[in-house]
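The structure presented is a predicted model; accordingly, all values stated were derived computationally and were not measured. Just so it is clear: chains get the letters A, B, ... in the order the sequence lines come, proteins before strands, and each one is counted from 1.
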Amino acid sequence: MNFIEELRWRGMIQDIMPGTEELLSKEMVSGYVGFDPTADSLHIGSLVPILLLVHLQKAGHKPIALVGGATGMVGDPSGKSEERNLLSEEILRHNEQGIRRQLEKFLDFNCGERSAEMVNNYDWFKEISFLNFIRDVGKHITVNYMTAKDSVKKRIEGDTGISFTEFTYQLVQGYDFYWLYENKKCKLQMGGSDQWGNIVTGTELIRRKAGGEAFAFTCPLITKSDGSKMGKSEKGNIWLDLSKTSAFEFYQFWIKTSDTDAEKWIRIFTFLDEPTINELIKEHAKDPGKNILQKKLAEEVTRFVHGEESLQEALVTTEKAFAQKDIPAEDLTVEDIKALKGVTQLKFQKNKLSDGIDVISFLAETGSFSSKGDARKTVQGGGVSINRKKINDIQLKIDSSFLLHNTYILVQKGKSSHFLVEVV
RNA sequence: GGGCAGAUGGCCGAGUGGCUAAAGGCGACAGACUGUAAAUCUGUUCUCUCACGAGUACGGAGGUUCGAAUCCUUCUCUGCCCA
């Protein structure tokens, strides 16, 4: 099965330029995806572009990861209703390093001519003068063409407007493609479907300026079936960096996937082949309560991103926190509690417990809740458990008798938000 | 430079002197039901307070008023039009 066919059955192709498939079957192709350096770690949202590159490399082509240092300074108007904040060069460089480290885990940067490569468009843009840019690049694209783009049109018609800076964005990104075409023989760009407009500007530029032919395809933006944005948990973004999102939390994110999403996502986010996935879907349908799909999905993605060891750790924690949730907290061994790696760990001062402290203050001061009011309301609503017992008395005093093994107190907010408070 | 419109809670958006901690929606959190889903229903969603209540808060700063998100002055920012 070729690269495009592979992605097609996985549901990862939205738009594709005619001729792309022929090109890929004819020769080894360098293809690139852009990453936004807005943070020093990638998050789940970047997983799809990463996977595109991985699939590309697997299919015998050469993946190029472009970090948008320059474009990050400009800001992409696509999908944004407002002007973005600009990032400083220092921050961009720092973020680039973080992203590079992560990509190295997924792509092979040392396998001969197919080696993955990473570039930062800041490196070529910093050399270009404004005058040269508008003369050599701007001349080839009409404003009419640029304003016809949906992302631009929306902003022009909207009531926040669009700055010249962001308006220029598609030219800047388009030039990336042109630069890679000229310097790296890159003939393919991939990206999310929101990038289609920017990508096409690139192929257009290559055609007009270099007389060359370049290709592209986009993958659908991943959304949840309820229409909400994907990749957020109650704690915010799900990052690919273990210090930002533990393996346990990462695993939990995938476990909580709904059935409809799971069927789509297991195709996109895992490398399992079609028969295996169809089999899993069939299995799952027999007894959805077993969450076969979600478990497999979570397992595969966690292993891919964080490795076998972290996966096992996440599985153990999950086991302790969920599968054994009926075991009274008092019966948990120290090992059991220590195995709760990855749940949010909090500290609390022991001397505050000597006279007892009311639950509300306790919850707020440990940091499990953002404010006392928040804690109180959740307790009143029946949403808090301490040591696996639901509490409904907001007057309750927490004292040393709550300590498990003289050190720990388990706090649960809702069903799946666990905190381990270490009292020292 | 001139004219006009606008700036409200995480977001969208109503509100044009007291009944406004501010409608409604989205998002988020919790509960019920379940499968650590989805859908649905319910509650919560500025801070402090068990509560009564208090304190902050409608772009910034002043002012008018017993009382201001609402009126005035001024500044900042945004959009539209003219130059």
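- Geometric assessment of A/K413 against the ring of A/F369 yields a positive cation-pi assignment under the 6.0 Å and 45° thresholds.
- At a cut-off of 3.5 angstrom, the base of B/G35 holds at least one donor-acceptor pair with the side chain of A/D259.
- Nearest nucleotide to the side chain of A/S258, out of B/A30, B/U36, B/A38: B/A38.
- Both A/T257 and A/K390 lie near RNA chain B, and the one whose nearest nucleotide falls closer to the 5' end is A/K390.
- For the pair A/H284 and A/G382, nearest-nucleotide mapping onto RNA chain B gives the more 5' position to A/G382.
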Let me have a per-nucleotide readout for nucleotides 45-51 of chain B, 5' to 3', with B, S or -, counting only protein heavy atoms under 4.0 Å.
-> S-SSBSS
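- Atoms CG (A/L293) and C1' (B/A37) sit 11 Å apart, rounded to a whole Å.
- With hydrogens and angles left out, the side-chain atoms of A/N351 and A/S354 include no donor and acceptor closer than 3.5 Å.
- Regarding contacts with the backbone of B/A38, every side-chain N or O of A/K256 stays at 4.0 angstrom or more from both OP1 and OP2.
- Look at A/R207 and A/E204 and you find a salt bridge, because one of the NZ, NE, NH1 or NH2 atoms lies within 4.0 Å of a carboxylate O, short of that distance.
- Side chains of A/S41 and A/Q102: a donor on one and an acceptor on the other come within 3.5 Å.
- In this entry B/U65 has no Watson-Crick or G-U wobble partner, no candidate having both defining distances under 3.5 Å.
- Relative to the side chain of A/Q252, the nucleotides B/A30, B/U36, B/G35 differ in distance, and B/U36 lies closest.
- One atom, CD of A/Q294, and another, P of B/G35, lie 13 Å apart when rounded to the nearest Å.
- Neither side chain, A/S371 nor A/D374, offers a donor N or O lying under 3.5 Å from an acceptor on the other.
- As judged by a 4.0 angstrom heavy-atom cut-off over every strand, A/G289 is placed among the base-contacting residues.
- With a 6.0 Å radius and a threshold of 12 heavy atoms from other residues, nucleotides or ligands, A/E90 has its CD atom at or below the threshold.
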